[in-house]
Each structure stands twice: as C-alpha cells, then as structure tokens.
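Order of the sequence lines fixes the chain letters, A, B, ..., with proteins taken first and strands second; residue numbering starts at 1 for each chain. As the structure is a computational prediction, the values presented were derived from the model and not from experiment.
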Amino acid sequence: MDILDSLNPAQRQAAETTSGPLLILAGPGSGKTRVIAHRIAYLIGVGGVYPRRIMAVTFTNRAAGELRQRLDGLLGRSAGELTLGTFHAICARILRVEGEVIGLDRNFVIYDDDDQLSAVKQSLAELGVDSHRFSPRGVLSAISAAKSQLLAPADLPSRGYADEVARRVYERYEVLLARSHALDFDDLLLRTVKLFQGQPPVLAKYQTRYLHLLIDEFQDTNIAQYQFAKLLAAKGRNICVVGDPDQSIYGWRSADIRNILSFEHDFPDARVVVLGQNYRSTKTILEVASRIIAANRQRKPKELWTENPAGAPVSLLEAESEEEEARLVVAEIERLQKEGVPLRECAVMYRTNAQSRALEEACLRFGIPYKLIGAVRFYQRREVKDVIAYLRLLQNPSDTVSLMRVINLPPRGIGNRTQEELAARAQAQSASIYDVLHKVREPGEQAAPSPLSLRVTRALLEFLGMLEELRQAAQEKEVPEMMDTLLERTGYERFIRAEEDGEERWDNIQELRSVAAGYPPGQGLTDFLEKVGLVSDVDNLDGVAEGVTLITLHQAKGLEFDVVFMVGVEDGVLPHFRSFPNPDQMEEERRLCYVGMTRARHRLYLLRAYHRNLAGMSVANPPSRFLGDVPRRLLTTSTSATEAPPPPLPLVQLREGDAVTHKVFGQGVVVSTLPIRGDQQVTVAFKGVGVKKLLLSLAPLSRLDEGG
DNA sequence: CGCAAGTACCTTTTT
DNA sequence: GGTACTTGCG
C-alpha cells in the first residue's frame, strides 16, 4: 500500500519531490492541504525522516492545527516533535531559547497592534510631534512596513520632514520597546533573522536540525519571512513553498508577491509543480471566478479545470438597502435549510467588518444562529486586555505599555498628571516606569525637579507594594488561580462588574480564565501569554457548531463552504474605494473577490445594495466593475421587490448588555441572547434576584432608556 | 484627581 | 453610528 495512492499525478509529484527546492503552484480547491499533509507523511513514513527534523510553516494557527490532524490520521500516530506553526509562533519559540545572546529578556512580552499603537503615541508625545499632522496609525504602519523589510531606522530614506519624523519616531519607539522588554509582531521575524545573520553558530544549529522546510501560503509572506526561510534552508536546500499568486491578498501588510519570483531566482534548480485541477467548486463557479481573475494584468495565466458538474448558475441579487440585502441572504438561507443544507455549510462574506452589522441583526431577527468571526475580537476587548496587562506585569514589570494601562485601573489616585511625570522621569533616567516607581521610595525624592505630593506618593507606593505582592504570589500559583487573586486584590473585579455592561465584561474575563484553565497545569505565565498573544479569530472557528459563518473575505482564505454569499459587490466596497487610485491595490481587490468566490462548492450568491449607509450617510454605489467580466449566461439576476417584507419578529429586540425591567424580577442586564425559531431566548441577570432565562415573546420584559 | 459632556475622526483588510 | 480623545467643572 502506498501512502500516496489517492493522489492525482501532479499532486503525487508534488508529494514525492522531497529533495531540493520545490515550488508548488496550487490553485484554489486543488487539494493543497492534502498534498502538504501527504508530503510530510511520506517524508516521515517512507523517507524515514524524524519528525523533529521537519519544519512546516502555516499562515494561521488554525491551518497548523488542521494539518497536524490530517497528518496524525495519515500516519496513524502522532507526528510528535514536528515543528509546525505560524512564522510568528515559531520565531517566538526560537527567540525564547536563543534570545539571550542578542540581549533579549527571557520573559519578553509580545506587543500586539493595540500595544504598538500605544507605544507609537507615547513616542510621538515624547518627541513633541503633533499627532494631528502625523497620525499614530500612519506612523505605525510605516514602522511596520520598514520592519517587514528588515529596515532599521537608519535605513529609511530621508527626503524630507515627514521621512525625518518617521525615522525619529521609529528610533524612539525601539527604545521604548527595548526598555519594556517587549517585542512587536514584526520584531519576532526581524530579530530572528538578525539572530541568524549575526550568530553563525545559532544559525548552523537550526540549519542542521531542520532537514526539511515547508512553507504554506507563500504568496502572503513578506521579505523578513522569506529571508528567514532562505537562511534556514541555505544548507540543506530542501525547501518547499506552496502558494498561489492569484490569492495574494496581504500586500497591505507588506506581503511581497515577488517572493515567488525571487524563489525561482534564488533557487534556479527549483522544480515547479502546478496543481490545476479543482475538486471543490462547480464548473460554473470556477468559470466565473476565473473570468474575474483573468482580467488582472500583472499575472501569469493559469488554467484551472474541474470534473465537477456545471451546477447552478451564480445568482446576482439586487437589494434596495443594506438591510434588505441581509434579509435576502437570510431568506435564501432559510430556503436552503429546507432543502437540507446545514447552516454550518453556509457562509456570508464581506469586504469590511462594518458590513457584518446588518447581517448580524437580520440573523438575530429571523432566528438564524450565526458565528461571527472577528468583528470585535475577543482578545481585543478592553476588559480582556486589562487583565492580560496585569498578568504581563507580573511576568515582566518593565512592560511600560501594560503598566500605564492598569496603573489607574480601577482609579487609585494616579491620574494623568502623575502618569506624565512618571513617563518624563523614565525618559530622563532611561529607565522603565517600574524602576522609577522604586525610586519614589528613596529619600532623594524631595529633591526631584517636580516632587510628588504626599498623597500621590502614597498611592504610588501602595500600587508598587500590591504589584510586588502579586508577583510573589505568581511564583506559586497556576494561571487561573493567579487571575482570581489578581482580580480580587487589585479591585478590578468589583470595578468592572459595577459598569453598565459589567456582567458581560465579567463573563469575558471568566472566559479568559477558562482558556487558561484549559492549558495543562504547570504551564507558566509566559507560555500562556505567548499563546494568547498569537491567536487569531479564525483559529477558533468551530466547524461543528451549527450556525451560519459571517466572515471577512480576508479571513475566509483557506476555508470552504457549500454555499457562499458575497455581499456588497459594489464599486466602493469591492473594490474598496481606497484602492481606486492604486492599480496594484485594485488588482489585489480583484484577487480578494476571486478568493471569496472560490470558497464555494455548490452555490454562489453575489449581492449588492443600491443604497448603503456609510458613516451615517447614505451612499449609492454602482455595481462592482468586476461583474463586468462575468458572462451573462453564467448569472441569474433578480431584483427584489422594493417594499421590504414586514419583520415577522418581536418588536423589542434585545442585545447583550441591554438594561431591562421585568414585571416580577425588576431591573436587570441582558447577559446573552439566543435566537430560537421565531423568537429569542434571553438570559438576564437581575439585580438581587439572580440570572434567569426568559423567552422574549412571553416574558413581560421591556428595555430601559434609549426609547427604541 | 475624577467624571461628565462634548468633539473630531472615522472605516480596509490582520499575524 | 461609534469610539477615542479633549475640555471643563466639582
């Protein structure tokens, strides 16, 4: 029995070519993941390669998990010590082990986007740069772009004032992070590359260990990532990259589509295998998608074919408004359900997160369960970030961003003025805020340029004492218990639960606690924080739970569904108007459209609305120019009746966090809601009564305030 | 210093 | 329609 028996000739060739550089160009639905899994299984099972000598890099943690599962299935056992993960996760691991030689703290924290933004703002403030002239966002993306290309501040061009500002903020930002013992996402890659370049013995160690290197979604790698791969593979040269230039959609994040060209240049002996047979979609869907992508100019033509049936035409549905668009989707989903299509096989995809709102409301109203991916990401919620900031401080008190975040949460008399004073002192002494706090205790304090009042000093010392005490406790406790202690001792629990939507926020904190409790005991705080810092929302997408998936086109990459609805197929939305002036970006929009369409197995619906609300104003978008490339014969168009069908459902719609009153139980707050056919089940926490589950249509509930 | 009310600016996509 | 930041008062 051959492990590769089930593969077609091209797939088989891709899996069998295990020595030397290999480029696999894999069209959508071409069984790419299968090939990767088979290739690794073949290496281990037939080639006798130890799993620990293989590194496989994926785009998301979720893809890594899926790959591991398939692999275990193929091998009939665990693939064990195989190194498998995202670039960021793998680099973080390497830096934890090797970072000391380049001066990294073993307990470095990883700053996410939010933290990075805080650090940029702090840097701008320290430099006295007007944040109205230079938006922190813009500066951050310039810094991030530079880092993704392995550029240091000194490497940046200096053609004028703006460049000069960018360079100086970048420098300042680096100092701030260093002082905080923090690395941002880009650092994980950049530092690993620098480590490899500057420490030949370390590089040699990894080159020797990893005989085989495999990189998925290669079209979405940036310069730093490619450099990392090249360094690692320089010795063994067994590097396999898998990608599809037509699915490159992360140019805005400095992904460089040219890496594919560079690969063929850097490894001129590379074999190239094209996987062109599509096993996923109907002929019709594939043709529509192919027509869209064929219009890109900067593209090598690539034929895709399928033996699947032609299937139904693609439906183009035109709605009056965003709300009606959502209703059309929901109505069609209900119809499909009667035909036996499970909800988990339906996905609604959109260009921008803001579009999810109307869809969510329609699902709620018509009682369709849904899984919303990524709108307000769990780990981005304020209360979750607050608790994580506390945990980080226990591990690494130098972390300035986290410290400033919680120093006055709950309010403990350390206000803005004091915080500014602390930051100024930290800068003057080139020290962390934590060090500055320690000095407050020293006698020289009164002689400081601007001494602190007795009241403030006392508040600071109390905060510092509390921190020390908690750090002590952290040595002995498991993460979940530590969270309990922390929430109690800092007063954060009482503080957050007292807020208007406090119980919901508290639930989120409890969910974070249960995430921690789900890790094996004995796993340290560092590991926990690292995992938590590197997860994305799609990672937790549950393929089993029943419900429609609401997801952005970007996040949908790598997924597939029986039925796909693409909403907002309009000029201005898809393609997004911000891309209009830039031809490269317009081509990326087109690829995004292509990625979305090729997620569908059996049915594809394209929707557009004549009017759409954008930032309060109503705009009328013309149909997407991309539709012009689709032959009419492949489409059925229907414009829905202009009058909207009356909403069949209760007039009062409740959402989490709504304040309500009940005839019997009095005042309460909605904790969660669950759509039930034709109704809504709400869980309400009543003051002094407790938590009750109620059916909206029956319960004498009414919403407080905001009249409607 | 803390809090409430007001204002500017937003919205592309995320490891 | 929402948030993040600023202003002004107690």
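- Every ring pair (Phe, Tyr, Trp, His ring centres under 6.0 Å) that A:Phe528 has, sequence neighbours left out, goes to A:Tyr519.
- A:Arg612 is linked by a salt bridge (charged side-chain N to carboxylate O under 4.0 Å, His left out) to A:Glu322, A:Glu325, A:Glu570, counting only residues two or more places apart in sequence or in another chain.
- Taking the side chain to side chain contact (heavy atoms under 4.5 Å, CB included) definition, one finds that A:Thr598 meets it with A:Pro28, A:Ala289, A:Tyr594, sequence neighbours left out.
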Produce the list of close N/O pairs, under 3.5 Å, pairing protein atoms with atoms of nucleotides 5-8 of chain C; give distances to one decimal.
unit_1, atom_1, unit_2, atom_2, d
C:dC5, OP1, A:Lys121, NZ, 2.1

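- In this structure A:Arg578 satisfies the side chain to side chain contact (heavy atoms under 4.5 Å, CB included) test together with A:His576, sequence neighbours excluded.
- Listed by chain and residue number, A:Tyr206, A:Phe228 satisfy the ring pair (Phe, Tyr, Trp, His ring centres under 6.0 Å) test with A:Phe196 (two or more places apart in sequence, or in another chain).
- Remark: the backbone N or O of A:Leu437 is not paired with any side-chain donor or acceptor of A:Arg425 at under 3.5 angstrom.
- Not counting sequence neighbours, the partners of A:Ala326 by the side chain to side chain contact (heavy atoms under 4.5 Å, CB included) test are A:Ala358, A:Leu359, A:Ala362.
- The residue A:Gln355 sits apart from the nucleic acid: no heavy atom pair falls under 4.0 Å.
- One can place CZ of A:Phe580 at 15 Å from C1' of B:dT13, the figure rounded to the nearest angstrom.
- Scanning for side chain to side chain contact (heavy atoms under 4.5 Å, CB included) contacts around A:Pro623 gives A:Arg608, A:Leu627, with sequence neighbours left out.
- When distances run from any side-chain atom of A:His576 to the nucleotides B:dT11, B:dC1, B:dT14, the shortest one goes to B:dT11.
- At a cut-off of 3.5 Å, with distance as the only test, a side-chain donor of A:Gln219 or A:Glu217 sits close to an acceptor on the other residue.
- Nucleic acid contact for A:Phe59: sugar-phosphate only, since backbone atoms but no base atoms lie under 4.0 Å from a heavy atom of the residue.
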Enumerate all atom pairs, one protein N or O and one N or O from nucleotides 2-5 of chain B, separated by less than 3.5 Å.
unit_1, atom_1, unit_2, atom_2, d
B:dG2, OP1, A:Gly413, N, 2.8
B:dG2, OP2, A:Asn408, ND2, 3.1

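- Only at 4.0 angstrom or more do the heavy atoms of residues 137-146 of chain A sit from any atom of DNA chain B, so none qualifies.
- With sequence neighbours excluded, the residues that form a salt bridge (charged side-chain N to carboxylate O under 4.0 Å, His left out) with A:Arg299 are A:Asp246.
- Mapped onto DNA chain B by nearest heavy atom, A:Ala354 and A:Thr418 fall at different nucleotides, with A:Thr418 at the one closer to the 5' end.
- At whole-Å resolution of the value, CD1 in A:Ile90 and C1' in B:dT15 are 13 Å apart.
- Partners of A:Asp527 under the salt bridge (charged side-chain N to carboxylate O under 4.0 Å, His left out) rule, at least two apart in sequence or in another chain, do not exist in this structure.
- Looking at the side chain of A:Val456, the nearest of the listed nucleotides B:dT14, B:dC1, B:dT15 is B:dC1.
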